[in-house]
Amino acid sequence: MTTSKTSPTPAPELAYEWLKNTILTLPREEEMFLSEAQVAGASGTSRTPVREALLRLEAEGFIRRVPHKGAYIPALTDKDVDDLMQARRVVEEWSTIQVAPNPGQVPARLRELVARQAADTDPVEFIAHDLEFHTTMIRAAGNQVLHEFYRSLRDRQMRMGVRIMLSDEQRKKQVLIEHTAIVEALAASDTEAAIRAVREHLDTTLCSLKQPRF
């Protein structure tokens with residue numbers, strides 16, 4: 001009988017996960033600079049895998065890399081929050097108008113994502129499923145340009161959202177209720193109700209994002 005052994009996590013992945021967790025849990029109003037040496041020491045790796053991780057995170061839009069030095073993580077201001085939510089409103093309301101009259105399999109897929117969110121204990125996974133929930137409807141609307149634009153907002157949405165889920169359990173429950181309202185309106189092909197549910201969800205999200213965190 002042979003015993004399977006779990007392969008050790010590659011050093012670049014260790015550095016990446018440490019950095020990403022640090023970024024996502026950093027309060028949005030704070031900025032930070034991390035040197036390569038700091039990241040290497042904290043993640044238990046050397047500078048070479050740290051540089052690989054920095055390149056990956058820069059490509060994903062999470063950091064601004066300073067070659068041979070480290071990474072700068074900028075603050076996200078209230079203006080950044082307002083701009084992001086205004087952009088979301090335009091894209092998501094338009095997508096709802098396109099999808100609601102003939103939603104097809106979209107409600108079933110969204111129900112699966114709500115169920116996964118309800119089971120999530122990891123705030124990063126919760127927000128990842130949250131983003132997939134909204135992206136599913138945008139993808140179904142069929143405008144590839146808007147789909148790509150929405151994907152470009154992912155890093156800022158992740159950082160803003162994870163912090164809330166770490167500090168506000170009630171908001172998690174409210175998100176599930178709001179997502180369910182969107183799903184039920186789509187399942188009924190009720191365009192007005194779906195738009196109203198999306199708008200209310202984005203309004204409460206904005207209020208939550210701008211609420212002071214202590």
Side-chain angles (χ1 to χ4, degrees), residues 4-88 116-117 119-135 148-172 175 205-214:
S4 60
K5 294 183 179 180
T6 304
S7 300
T9 304
E13 191 65 26
L14 286 173
Y16 173 84
E17 290 299 334
W18 184 88
L19 269 165
K20 188 172 182 180
N21 184 66
T22 299
I23 294 165
L24 293 178
T25 55
L26 179 69
R28 68 167 179 83
E29 66 276 7
E30 294 183 15
E31 61 182 5
M32 178 184 288
F33 179 82
L34 291 168
S35 69
E36 291 180 357
Q38 284 177 301
V39 178
S43 61
T45 62
S46 65
R47 290 196 179 192
T48 298
V50 167
R51 287 169 187 153
E52 291 183 39
L54 292 177
L55 285 168
R56 182 175 168 189
L57 286 162
E58 183 179 47
E60 293 174 356
F62 282 104
I63 65 166
R64 296 175 190 169
R65 189 171 59 92
V66 182
H68 308 297
K69 291 185 179 180
Y72 172 65
I73 306 164
L76 298 175
T77 66
D78 281 350
K79 180 65 164 56
D80 291 327
V81 173
D82 287 334
D83 289 352
L84 175 75
M85 295 308 297
Q86 287 168 7
R88 284 190 60 182
R116 291 183 186 180
Q117 278 191 295
D120 281 330
T121 56
D122 180 354
V124 175
E125 289 299 316
F126 186 93
I127 296 301
H129 285 132
D130 186 282
L131 292 176
E132 181 58 24
F133 179 96
H134 293 280
T135 301
E148 291 298 325
F149 168 71
Y150 193 84
R151 287 180 60 189
S152 74
L153 305 176
R154 178 183 174 86
D155 62 305
R156 281 166 285 180
Q157 292 193 64
M158 285 286 285
R159 183 172 167 197
M160 293 175 186
V162 169
R163 186 68 181 178
I164 294 172
M165 295 309 147
L166 282 169
S167 60
D168 190 350
E169 184 65 25
Q170 186 57 42
R171 180 55 191 156
K172 175 179 177 179
V175 166
T205 297
L206 176 60
C207 289
S208 182
L209 287 172
K210 296 186 78 170
Q211 180 179 343
R213 304 284 157 187
F214 301 99

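In this chain, residues are counted from 1 in sequence order. The figures that follow rest on heavy atoms only: side chains count, while hydrogens, waters and symmetry mates do not.
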| task | Using a strict 4.0 Å threshold on nitrogen-to-oxygen distance, state whether Lys20 and Glu17 make a salt bridge. | result | no
When every non-hydrogen atom of Leu19 is compared with those of Leu54, the smallest separation belongs to CD1-CD2, 3.6 Å
Flag side-chain contact, heavy atom, 4.5 Å: Asp80 against Arg28 = no
Applying salt bridge (Lys or Arg N to Asp or Glu O under 4.0 Å) to Glu52 and not counting sequence neighbours gives none
Interatomic distance, CZ@Arg88 vs CG@Leu153, rounded to 0.5 Å, equals 8.5 Å
Check: Quick one: are Val81 and Leu76 in side-chain contact, heavy atoms under 4.5 Å?
Finding: no
Per side chain to side chain donor-acceptor pair (under 3.5 Å), Lys79 is matched among Thr77, Asp83, Asp82 by Asp83
CD of Glu31 to CG of Leu26, rounded to nearest 0.5 Å, is 9.5 Å
Tightest non-hydrogen contact, residues Phe62 and Ile73, listed as O-CG2, 4.4 Å
All heavy atoms of His68 vs all of Glu36, minimum pair found to be CA-OE2, 3.5 Å
*Are the side chains of Val66 and Phe33 in touch, meaning some heavy atoms are under 4.5 Å apart?*
yes
*Side-chain contact, heavy-atom cut-off 4.5 Å: Asp130 with Met165?*
no
d(Leu84 CG, Arg156 CZ) to nearest 0.5 Å is 6.5 Å
In this structure, CD1 of Ile127 is separated from CE of Met160 (nearest 0.5 Å) by 11.5 Å
Q. Using 4.0 Å as the upper bound for N to carboxylate O, is an ion pair formed by Arg56 and Glu13?
A. yes
Check: Does Gln38 reach the main-chain N or O of Ser35 with its side chain, forming a donor-acceptor pair under 3.5 Å?
Finding: yes
Open item on the list: I'd like to check His129 versus Asp120 (side-chain heavy atoms, cut-off strictly below 4.5 Å). Are they in contact?
Closed with: yes
Open item on the list: With heavy-atom distances below 4.5 Å as the criterion, would you say the side chains of His134 and Gln157 are in contact?
Closed with: no
Point to revise | Expected output: side-chain Gln117 to main-chain Phe126 donor-acceptor under 3.5 Å | key: yes
Within the 4.5 Å heavy-atom criterion, are Arg116 and Phe133 side-chain neighbours or not?
no
Show me, pair by pair, the donor-acceptor contacts under 3.5 angstrom made by side chains of residues 42-50, not counting sequence neighbours?
unit_1, atom_1, unit_2, atom_2, d
Ser43, OG, Val39, O, 2.6
Ser43, OG, Thr45, OG1, 2.9

Report task. Could you check if a side-chain atom of Met158 sits within less than 4.5 angstrom of a side-chain atom of Val124, using non-hydrogen atoms only? Result -> yes
All heavy atoms of Pro74 vs all of Arg159, minimum pair found to be O-NH1, 2.5 Å
Between Tyr16 and Leu57 the two heavy atoms that sit nearest each other are CE1-CD2, 3.4 Å
Rounded to the nearest 0.5 Å, the CG atom of Leu209 sits from the CZ atom of Arg171 at a distance of 8.0 Å
- Ser208 side chain vs Thr205 backbone, donor-acceptor pair below 3.5 Å: no
